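These notes are about the structure you will find just below.
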Amino acid sequence: MDATELLKNVNVVPVVVIEDKTTAVDLALTLLDAGIKAIEITLRTADALDAIELVAKSVPEMTVGAGSIREVAQLEEILNRGAQFAVSPGATGPLISMAKQIHMPFVPGAATASEILTLMNEGYMLQKFFPAEQLGGTQTLKALSAPLPEVRFFPTGGITAELAPQYLELECVTCIGGSWFIPKALLIERDFARIKEMSRAAVEITHV
Ligand code: 3PG
């Protein structure tokens with residue numbers, strides 16, 4: 001299954017930084033409860049790989065992916081930990097080769113027309129557009145998409161509750177990613193009740 005197929009019924013993907021793996025399962029259960037079906041756990045902390053494994057094992061209803069992929073070895077590691085998809089802020093030849101070799105659904109990142117075209121030629125029809133807001137947000141995405149209508153995007157970076165619906169209105173956007181509904185402080189405090197409220201609100205505004 002490729003990433004387009006895997007994420008076809010997903011509108012919003014929480015992009016999370018997990019500092020403490022013991023919060024991972026409760027977070028995944030909270031998100032599921034709020035109606036969120038996929039999570040991207042970024043490889044930016046020492047606990048990230050364990051967090052992926054814990055969620056994959058304990059919350060099978062949640063589609064768990066790994067984000068911030070930078071190195072080939074990380075793709076093999078996340079496969080062993082049970083990740084179902086991988087996301088990178090960009091793309092390199094070795095990452096693409098490895099993702100294909102291990103059949104990992106992969107969402108590579110692109111920010112320019114040339115990068116989008118290169119990934120298209122590699123068969124990647126769903127691409128992360130990153131960092132979305134800093135690149136000009138929906139206006140830039142609309143302009144890039146006009147001559148490249150076949151490609152679908154998963155924008156992330158700077159998206160807020162206010163901006164989210166504008167992205168999902170674009171035909172070229174199939175889902176968006178963001179961290180606005182899981183503030184770091186709430187996760188550290190294990191305030192899952194508040195995270196659930198914010199996640200429910202995120203599901204509501206991204207319901208298209
Ligand atoms: C990412 O890695 O996709 C971004 O860091 C997520 O962006 P946000 O934290 O600005 O929502």
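Residue numbers start at 1 and run along the sequence shown. Just so it is clear, the structure is predicted and the values come from calculations on it, not from any experiment. Atoms within a ligand are numbered from 1 in the order they appear, just like the ligands themselves.
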Report yes if the side chains of V173 and P155 come closer than 4.5 Å at any heavy-atom pair, otherwise no. yes
After noting the C-alpha distance and the side-chain angles of R152 and T174, does the key distance pass the side-chain hydrogen bond (donor to acceptor under 3.5 Å, both in side chains) rule? CA-CA 6 Å; R152 292 292 172 268; T174 58; over 6 Å; no
Sorted by chain and number, the residues that approach ligand 1 to under 4.0 Å with a heavy atom: V15, R44, K128, F130, T156, G157, G158, G178, S179
Under the rule for ring-ring contact (aromatic ring centres under 6.0 Å, His included), what residues qualify as partners of F129, not counting sequence neighbours? none
Separation between CG (L119) and CD1 (I96), nearest 0.5 Å, reads 5.0 Å
Side chain to side chain, D20 and T23, heavy atoms closer than 4.5 Å: yes
Is the closest side-chain heavy-atom distance between L79 and M104 below 4.5 Å? yes
